Amino acid sequence: MSSSNTFQYALSSNNAWAGYKAHQNPQFFPKLAGGQSPEILWIGCSDSRCPETTILGMQPGDVFVHRNIANIVSPTDINTTAVIEYAVVHLGVKHIVLCGHSGCGGAAGALSDARIGGVLDTWLLPLKTVRFNHAEELDAITDEKERVVRIAQLNVEEGIKVLMNNATVREAIAERGLEVHGVFFDIGCGRIRELGCGTAHKFPAGDHVVRGKHGQLVFGQDGEAEIAAAQ
Amino acid sequence: MFSTRLGLSPLLHSSKQASSALSRLAIPRTTPLRLTLPSATATPRRFCSSHRSADNKDGKKDITMYLQETHDKVFENNRSWAAEQVAKDPDFFKKLEAGQNPEYLWIGCSDSRIPAEQITGLQPGEAFVHRNIANLVCNTDLNVMSVIEYAVKHLKVKHIVVCGHYGCGGVKAAMTPKDLGLMNPWLRNIRDVYRLHEKELDAIPDEEARYERLVELNVYEQCRNVVKTAALQQSYAENGFPVIHGWVFNFRDGLLKDLNVDFETILKDIQKIYNLTA
């Protein structure tokens, strides 16, 4: 597909999507227009292969989103900080999910000694620090892909530490039981799993948590319709 | 299950924490905020009386259970989504794993109602995405600057879309004469957009219309900010791409409005002062 075709495709596809959604549920857009009440703040990578709402099987209105290069949570980054503040204080989200993924270009960049150039070297500095702090473990991994996976996981653990030390997050954990989760998305199979860091220590690393059918439990504005569909 | 979700609403609504969070809000009630949402339709008839106290033990157990279940649901959804993709195309994830080659960079708002991929019908692998409060592109923000640089120089995207939306809580917050603490430095950029277009905005008598226009002008200004970057100017001079688009999403009908940002003119305009191609 040529690039101008792709562009037109996105616009016409939006038209089709809006028509389909409105046809399925005439209340869908009026409800959305009424406001948002997401329960999840997702902090993930900008990588095009990690569309959060899609891979979570969720709907518009369910997930408040910040995505940046290599899902880095840097304590002084005012962009991420403003998102966290808005989501936790003003929207009162119940979960923060920090998600890393396999095949992350930022993680691969941090493992290389070459200078990337521009502002990227500075942005990736926290990842470089992770690399040097875990040099022994990372160097011992012979498979390059696996090394990228491992540093991306360590990066999530590091990001969780920053999140847990954020004053707003700390208050919300203590006052109303906000949960913070470190997860990992394996692009090779499409699955997400918990890394066992954050407030959710009770989940052993690597386990897929499944507890029966919760089709009736639906996030966000579209709750009623989805409940009906699930029953 | 049904009851668990519904049983929680009054709990949170009556809790001290919730109301203190609410009192910290400096944004008018019309702004889409979690705690001002009408749960009236969802308010349970069966459970409101017994679950009201946030302090009682059962209430606490309820919250824990509810958090566990809402959390598990995500994993369950993810598993069925992954299975669905494999059923449609057994090589779906193998292809994804091989790498990304997105044509778009999407710079949008964090707002939960605008999942870029779903509203455009783009598949995983097609759009590189950055989302922040009020889809801002600030010169000194290394976060968004890194995204643009990576997308343009390394992924060689063909289009950059800045997508705003009517009813943006961030834009509204920035129009509110209040100290919003940690959010001040971020929202300040929207106040600057207002100042740049003060005459036009002040001339709009209807508040809602003025607010919608500010959303559009904010998209327009952020498009200009993208054009001001070295990465974009250099790539465009060399390759003839990427080009910039300004869109606004409307919740009322779910449609994207193309603001038809005149990329060529903006580029010519800004390069008098912001030329970084050399």
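Chain identifiers are assigned alphabetically (A, B, ...) following the order of the sequence lines, protein sequences preceding nucleic acid strands; residue numbering begins at 1 within each chain. All of these numbers come straight from a predicted model, not from anything done at the bench. Computation of the quantities below employed the complete heavy-atom set of this structure, encompassing side-chain atoms and omitting hydrogens, waters and symmetry-equivalent molecules.
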Looking at side-chain heavy atoms only, is the closest gap between [X] and [Y] below 4.5 Å?
| X | Y | result |
| --- | --- | --- |
| A:Asp62 | B:Ser112 | no |
| A:Trp123 | B:Val147 | no |
| A:Asp77 | B:Asp141 | yes |

Between [X] and chain B, with a heavy-atom cut-off of 4.5 Å, which part of the residue counts as in contact: side chain, backbone, both or neither?
| X | answer |
| --- | --- |
| A:Asn79 | both |
| A:Ala22 | neither |
| A:Val83 | both |
| A:Ser102 | neither |
| A:Val97 | neither |

What part of [X] lies closer than 4.5 angstrom to a heavy atom of chain A: side chain, backbone, both or neither?
| X | result |
| --- | --- |
| B:Asp258 | side chain |
| B:His154 | side chain |
| B:Trp106 | neither |

Sorted by chain and number, sequence neighbours left out, side chain to side chain donor-acceptor pair (under 3.5 Å) with B:Asp253 holds for none
Taking all atoms of both residues into account, what is the closest heavy-atom pair of A:Leu56 and B:Val74, and its distance?
-> CD2-CG1, 3.0 Å
Heavy-atom closest pair, residues A:Thr53 and B:Pro115 | OG1-CB, 3.4 Å
In a check of side chain to side chain contact (heavy atoms under 4.5 Å, CB included) between A:Glu85 and each of B:Leu182, B:Leu180, B:Ile133, which one passes?
-> B:Leu182
Would you check if the side chain of [X] reaches a backbone N or O of [Y] as a donor-acceptor pair within less than 3.5 Å?
| X | Y | answer |
| --- | --- | --- |
| B:Glu149 | A:Val119 | yes |
| A:Ser48 | B:Gly125 | yes |
| B:Glu97 | A:Ile187 | no |
| A:Ser46 | B:Val129 | yes |

Distance, nearest 0.5 Å, that separates [atom1] of [X] from [atom2] of [Y]:
| X | Y | atom1 | atom2 | result |
| --- | --- | --- | --- | --- |
| B:Leu122 | A:Asn14 | CG | CG | 10.0 Å |
| B:Asn132 | A:His66 | CG | NE2 | 7.0 Å |
| B:Asn78 | A:Thr54 | CG | OG1 | 11.5 Å |

How are the rings of B:Phe249 and A:Trp17 set to each other: parallel, tilted or perpendicular (split at 30° and 60°)?
-> tilted
Show your working on side chain to side chain donor-acceptor pair (under 3.5 Å) between A:Thr80 and B:Asn143 and close with a plain yes or no.
-> CA-CA 8 Å; A:Thr80 314; B:Asn143 188 331; 3.2 Å; yes
Mind running side chain to side chain contact (heavy atoms under 4.5 Å, CB included) on A:Lys94 and B:Tyr66 for me, showing each step along the way?
-> CA-CA 10 Å; A:Lys94 300 191 176 69; B:Tyr66 171 75; 3.6 Å; yes
Distance-only donor-acceptor check, side chains A:Tyr9 and B:Glu103, under 3.5 Å | no
With a 3.5 Å cut-off and sequence neighbours excluded, list the donor-acceptor pairs that the side chains of residues 83-91 of chain B form with protein atoms.
| unit_1 | atom_1 | unit_2 | atom_2 | d |
| --- | --- | --- | --- | --- |
| B:Asp89 | OD1 | B:Asp91 | N | 2.9 |
| B:Asp89 | OD2 | B:Lys95 | NZ | 2.9 |

Charged N to carboxylate O under 4.0 angstrom, B:Glu126 versus A:Arg49?
-> no
Ionic contact status for A:Arg67 with B:Glu117, cut-off 4.0 Å = yes
Options A:Val183, A:Asp47, A:Ile116, ranked by heavy-atom pairs under 4.5 Å with chain B, top entry = A:Asp47
